[in-house]
Asks: 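The structure's right below; bear with me while I get my questions together.
The chain is numbered in sequence order, starting from 1.
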Amino acid sequence: MLTPKVRYTPEEKATVLKAYRERMSLRGLQRVFGPWRSTVLRWLKQLVASLPSLLESLLPAQADDVLEMDELVSFVSEKWFKRWLWTAQCRRTRQIVAFAIGDRSETTARQLWQAIPTAYRDCPVFTDEFNVYPLIVPAAQHHPVPKGSGQTNHQERWYNTLRQWNGRFTRRTLSFSKEDLYHSLVTHWFIVEHNLRMASSRTM
């Protein structure tokens, strides 16, 4: 095991945090790179605090925008403690305009709806036929569709990307968070970074 250094360069910190986000455990990071587990978690908090807000990461909404909403299961600490990630994606920009983490109930679904920025609040919304969505999305905007319809493909494809780059969301994973806080921080980091990448690709 490496002895922790007094100082780490920004590049070294970025490498450690990237490994942590993808799959590596805190114990593994300490063995390979040296920093204590508490140090890595402090870096994570500092990094997420330095990011733009989710709203600041979004491109301006347009009148013909469409949202796709879906939910993805993961867990924290134990597999019975399920945590559902609810997301709303703009079909045009491929950005995540809002998200919420909790259970699979109406309560968390409403948190997602309330998090949607005002500029996107009147968009048509496509979801699957899960019975919670009609409780939160106004009927005039809501378009429930069966699985395989293709109308929520962009959101489902984004979940595949999330699973590939974030071990916490991989099916049957051993790369899970032990606390809700760090699960939420890493998810927030991934989403904002994704949004900034999408914004950059459309403004180059």
Asks: So, Thr152 and Asp70: side-chain donor and acceptor under 3.5 Å apart, yes or no?
Replies: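 No, because no side-chain N or O of Thr152 sits under 3.5 Å from a partner of the opposite role on Asp70.
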Asks: What's the spacing between Leu41 CG and Leu185 CG if we round to 0.5 Å?
Replies: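 Those atoms lie 9.0 Å apart.
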Asks: Side chains of Val145 and Thr127, heavy atoms from C-beta outward: is any pair under 4.5 Å?
Replies: no
Asks: Give a yes-or-no answer on whether the side chains of Asn160 and Arg157 include a donor-acceptor pair shorter than 3.5 Å.
Replies: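 No.
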Asks: Nearest 0.5 Å, please: how far is OH in Tyr8 from NZ in Lys13?
Replies: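 Lys13 atom NZ to Tyr8 atom OH measures 10.5 Å (nearest 0.5 Å).
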Asks: Of all residues at least two apart in sequence or in a different chain, which pass the side-chain hydrogen bond (donor to acceptor under 3.5 Å, both in side chains) check with Glu56?
Replies: Ser53
Asks: Stepwise, does the ring-ring contact (aromatic ring centres under 6.0 Å, His included) test hold for Tyr182 with Trp189?
Replies: CA-CA 10 Å; Tyr182 302 114; Trp189 172 23; over 10 Å; no
Asks: So how far is it from Ile101 CD1 to Leu85 CG, rounded to the nearest 0.5 Å?
Replies: 5.5 Å
Asks: State the CD1-CE distance between Ile116 and Met69, to the nearest 0.5 angstrom.
Replies: 5.0 Å
Asks: Measuring from Leu112:CG to Glu71:CD, what's the distance to the nearest 0.5 Å?
Replies: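 Going from CG on Leu112 over to CD on Glu71, the span is 9.5 Å.
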Asks: So, do Tyr20 and Trp43 have ring centers that fall under 6.0 Å from each other?
Replies: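 Between Tyr20 and Trp43, the centre distance exceeds or equals 6.0 Å.
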Asks: Are Val125 and Tyr120 packed together at the side-chain level, in the sense that at least one heavy-atom pair is separated by less than 4.5 angstrom?
Replies: no
Asks: How close do Gln95 and Met198 get, heavy atom to heavy atom, and via which atoms?
Replies: CG-CB, 3.8 Å
Asks: Does any non-hydrogen side-chain atom of Val16 lie less than 4.5 Å from one of Pro35?
Replies: yes
Asks: On a heavy-atom basis, which atom in Ala98 and which in Leu54 lie closest, and how many Å separate them?
Replies: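 So the minimum-distance heavy-atom pair works out to CA-CD2, 3.9 Å.
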Asks: Parallel under 30°, tilted from 30 to 60°, perpendicular over 60°: which one fits the rings of His194 and Trp158?
Replies: perpendicular
Asks: Between Gln141 and His143, which heavy-atom pair has the shortest distance, and what is it?
Replies: O-CD2, 3.1 Å
Asks: Hey, does the side chain of Ser149 reach the backbone of Pro146 with a donor-acceptor pair shorter than 3.5 angstrom?
Replies: yes
Asks: So, for Ser57 and Ala199, which heavy atoms are closest and what is the spacing to 0.1 Å?
Replies: O-CB, 4.3 Å
Asks: Within this structure, what is the CG-CD distance for the pair Asn153 and Glu156, rounded to the nearest 0.5 Å?
Replies: 5.5 Å
Asks: Cationic tip of Arg121 within the cone over Trp113's six-membered ring, i.e. under 6.0 Å and within 45° of the normal?
Replies: yes
Asks: Taking only residues two or more places apart in sequence, or in another chain, which ones meet Ser38 in a side-chain hydrogen bond (donor to acceptor under 3.5 Å, both in side chains)?
Replies: none
Asks: Could you pull out all residues at least two apart from Arg94 that satisfy salt bridge (charged side-chain N to carboxylate O under 4.0 Å, His left out)?
Replies: none
Asks: Can you tell which of Arg91, Gln155, Gln151 makes a side-chain hydrogen bond (donor to acceptor under 3.5 Å, both in side chains) with Glu68?
Replies: Arg91
Asks: With ring pair (Phe, Tyr, Trp, His ring centres under 6.0 Å) as the test, pick out the partner of Trp86 among Phe99, Tyr133, Tyr159.
Replies: Tyr133
Asks: Side-chain contact test, heavy atoms from C-beta onward, threshold under 4.5 Å: evaluate it for Pro52 versus Val192 and give yes or no.
Replies: yes
Asks: Below 4.5 Å, heavy atoms only, C-beta onward: do Val66 and Phe126 meet side chain to side chain?
Replies: yes
Asks: Would you say Thr187's side chain and His183's backbone share a donor-acceptor pair under 3.5 angstrom?
Replies: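 Yes, because the side chain of Thr187 sits within donor-acceptor range (under 3.5 Å) of the backbone of His183.
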Asks: Which heavy atom of Val132 sits nearest a heavy atom of Ala109, and at what distance?
Replies: CG1-CB, 3.4 Å
Asks: Verify, without hydrogens or angle tests, whether Arg110 (side chain) and Leu135 (backbone) share a donor-acceptor contact under 3.5 angstrom.
Replies: yes
Asks: Is the charged tip of Arg104 near the ring of Phe130: under 6.0 Å from the six-membered ring centre and within 45° of its axis?
Replies: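 Pair Arg104/Phe130 counts as cation-pi.
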